[in-house]
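Scroll down for the structure; my scribbles are underneath it.
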Amino acid sequence: TYVVTDNCIACKYTDCVEVCPVDCFYEGENMLVIHPDECIDCGVCEPECPADAIRPDTEPDMENWVEFNRKYSEAW
Ligand code: SF4
């Protein structure tokens, strides 16, 4: 899965949401999040993010971000 990280906070762009083929972005409290079970790992959103906030969970120490993204995407 891809996850949204703290660079997203207060970002006003939604380019990522527009390109996602499965609509798996959700609104968190002050940033967007990706539902980790709905993301199909296509990677399309990553280069669209002007804040470089979207990272693959294959990077080191992403477990907490995956859980954070899950928590806020399931709040809806
Ligand atoms: Fe959506 Fe693809 Fe980004 Fe996952 S990697 S959030 S499916 S655009």
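If you read the sequence from its start, that first residue is 1, and numbering goes on from there. Counting starts at 1 for both ligands and their atoms, following the listed order. Values below: every heavy atom of this structure, side chains too, minus hydrogens, waters and symmetry copies.
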For atom 3 (Fe) of ligand 1, which candidate among Pro36, Cys49, Cys45 holds the nearest heavy atom? Cys45

Counting from 1 in the order shown, the ligand 1 atoms closer than 4.0 Å to a non-hydrogen atom of Phe25 are 6 (S)

Can you tell me if Glu29 has over 12 outside heavy atoms packed within less than 6.0 Å of its CD? no

According to the interplanar angle, ranging from 0 to 90°, do the rings of Trp65 and Phe68 count as parallel (below 30°), tilted (30 to 60°) or perpendicular (above 60°)? perpendicular

Tell me the contacting part of Ile34 for ligand 1: side chain, backbone, both, or neither, using a 4.0 Å heavy-atom threshold, strictly below. side chain

Ligand-side contact atoms (ligand 1) for residue partner Tyr2, heavy atom cut-off under 4.0 Å: 5 (S)

Mark yes or no for whether Asn69, through its side chain, and Val33, through its backbone, hold a donor-acceptor pair below 3.5 Å. no

Looking at atom 2 (Fe) of ligand 1, is one of the N, O or S atoms of Cys42 less than 2.8 Å from it? yes

Nearest heavy atoms of Cys24 and Cys39, plus distance in Å: SG-CA, 3.6 Å

Positive for side-chain contact (heavy atoms from CB on, under 4.5 Å) with Ile54, one of Ile34, Thr5, Val3: Ile34

Heavy-atom gap Cys16 to ligand 1 smaller than 4.0 Å: no

the protein heavy atom lying closest to atom 6 (S) of ligand 1 turns out to be Cys24 SG, 3.4 Å

Check whether more than 12 heavy atoms from other residues, nucleotides or ligands sit under 6.0 Å from atom CG of Asp37, and answer yes or no. yes

Could you check atom 7 (S) of ligand 1 against the protein and tell me its nearest heavy-atom contact, residue, atom and distance included? Ile40 N, 3.4 Å

Any chance the side chains of Glu18 and Tyr13 put a donor and an acceptor closer than 3.5 Å? no

What protein heavy atom is closest to atom 5 (S) of ligand 1, reported as residue, atom name and distance in Å? Gly43 N, 3.1 Å

Side-chain donor or acceptor of Asp41 paired with backbone N/O of Thr1 under 3.5 Å: yes

Kindly confirm whether atom 3 (Fe) of ligand 1 is within less than 2.8 Å of some N/O/S atom in Cys20? no

When you measure from atom 4 (Fe) of ligand 1 to the N, O or S atoms of Cys39, does any of those distances fall below 2.8 Å? yes

Contact atoms of ligand 1, heavy-atom distance to Val22 under 4.0 Å: 7 (S)

Please identify which atoms of ligand 1 are closer than 4.0 Å to at least one heavy atom of Pro21. 8 (S)

